[in-house]
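Here the structure is laid out as structure tokens; the discussion comes afterwards.
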Amino acid sequence: MRRMVAETRLDPADLILPAFVREGVAEPVPIGAMPGVVQHTRDTLRKAAVEALEAGVSGIMLFGVPEDARKDGLGTAGTDPDGILQVAIRDVRAEVGDELVIMSDLCLDEYTDHGHCGVLDEDGRVDNDATLERYAEMAQVQADAGVHVVGPSGMMDGQVGVVRDALDTIGKEDVSILAYTAKYSSAFYGPFREAVGSSLQGDRKTYQQDPANLRESMRELALDLEEGADMVMVKPAGPYLDVLAEVARTVDVPVAAYQISGEYAMVEAAAEKGWIDRDKAIMETLTGIRRAGAQMILTYWATEVAQKLSAGRR
Ligand code: PBG
């Protein structure tokens, strides 16, 4: 009866798997603060993509982790056609074709030696407009590599419009933009910074949003849509369900939510201590995010949950 009258259902197709691929490793490298998640080799990434596809997951969001020696002030590894992310996009596209939606993180933080999402000016501040030029180039190399959807996550003003123009200029009108519309400056990104070997000192408060603000997110939303966003995202998910609900009520484009590394780590850590029921907690978090209005959910549990859903377990 409960199943019959349930107002919210989860389907494997709602899920998108974020995945890390690391340059120059022969074996996958475990991420300490994210038990069960690894930095993939090129080869294991291809396998993870196939596994996700077979489980019914609809998309994969790729993050590149370059060798430390390749990081520099401009994040040039992020625009090198042979950079790790571009290579990984080609690998996955060759493996799964159009069966799985291939998405890529469009941001410089994985490639800069200072760890910021943009390039810096003489005073060491993130230079918004100089960064936009880097993002334009990045969008083009990712599109050339065969990505279906780019995810600009650096939170520079005007990034969606610049990326749209850059893509259209090279005839990639069919590459979509998943806009990180409301991306909050969050403590819950902690484990991700280990996952991408981030060099960041300090914080991202000058370009990510203040957790105290909702109206500001709605303004960002209007701007992103005006600039050509095809889908919009709220991130993190759990602590921002009100923002998600408000965004979902307002727009007529698909809405995504990103259940981030810290949200993952909290459940895994508490479960490891025997303090909560892991599987029930995972389903509850995802159901809550779905109920709040996310059509798509990026979650590190995507493949596992999709397999369970397909097997009729919940
Ligand atoms: C920036 C980016 C971040 C995440 C996704 N894209 C980190 C940040 O803004 O510091 C975080 C994802 C997660 O925590 O799971 N490239």
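Only this structure's heavy atoms are used, side chains among them; waters, hydrogens and symmetry mates stay out. The model shown is predicted, which means the values in this text are computed figures rather than measured ones.
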Quiz item: What is the ring orientation for F20 with Y300, classed by angle as parallel under 30°, tilted 30 to 60°, or perpendicular over 60°?
Solution: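 Judged by the thresholds at 30° and 60°, the geometry between F20 and Y300 is parallel.
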Practice problem: Please report the shortest heavy-atom distance between Q208 and S186, naming the atom on each side. | Solution: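 So the minimum-distance heavy-atom pair works out to OE1-N, 4.2 Å.
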Self-check item: Row check, Y189 ring normal vs K183 NZ/CZ: under 6.0 Å, within 45°
Solution: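 Relative to the ring axis of Y189, which defines the angle, K183 lies inside both limits.
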Self-check item: Check ion pair D224-R164 (N to O, under 4.0 angstrom)
Solution: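 Salt bridge between D224 and R164, a charged N being under 4.0 Å from a carboxylate O: no.
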Quiz item: Any ion pair linking D80 and R70 (charged N to carboxylate O, less than 4.0 Å)?
Solution: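 So R70 does not pair with D80 through a salt bridge.
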Self-check item: Ring centres under 6.0 angstrom apart (Y258, Y240)
Solution: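 Judged by ring-centre distance (under 6.0 Å), Y258 and Y240 do not meet the cut-off.
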Quiz item: Above 12 or not: heavy atoms from other molecules or residues under 6.0 Å from CD of Q201?
Solution: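 Counting neighbours around CD of Q201, 12 or fewer heavy atoms of other residues, nucleotides or ligands fall under 6.0 Å, so no.
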Quiz item: If you draw a 6.0 Å radius around CG in D252, do more than 12 non-hydrogen atoms from other residues or ligands fall strictly inside?
Solution: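 Counting other residues, nucleotides and ligands, CG of D252 stays at 12 neighbours or fewer.
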For [X], which of [options] qualifies under side-chain contact (heavy atoms from CB on, under 4.5 Å)?
X	options	result
V21	I84, V38, D91	I84
V232	V160, I177, L178, V253	V253
Q159	P152, S153, C117	P152

Quiz item: Name the one of H114, E110, K71, R193 that satisfies side chain to side chain donor-acceptor pair (under 3.5 Å) with S199?
Solution: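 When side chain to side chain donor-acceptor pair (under 3.5 Å) is applied between S199 and each of H114, E110, K71, R193, only K71 qualifies.
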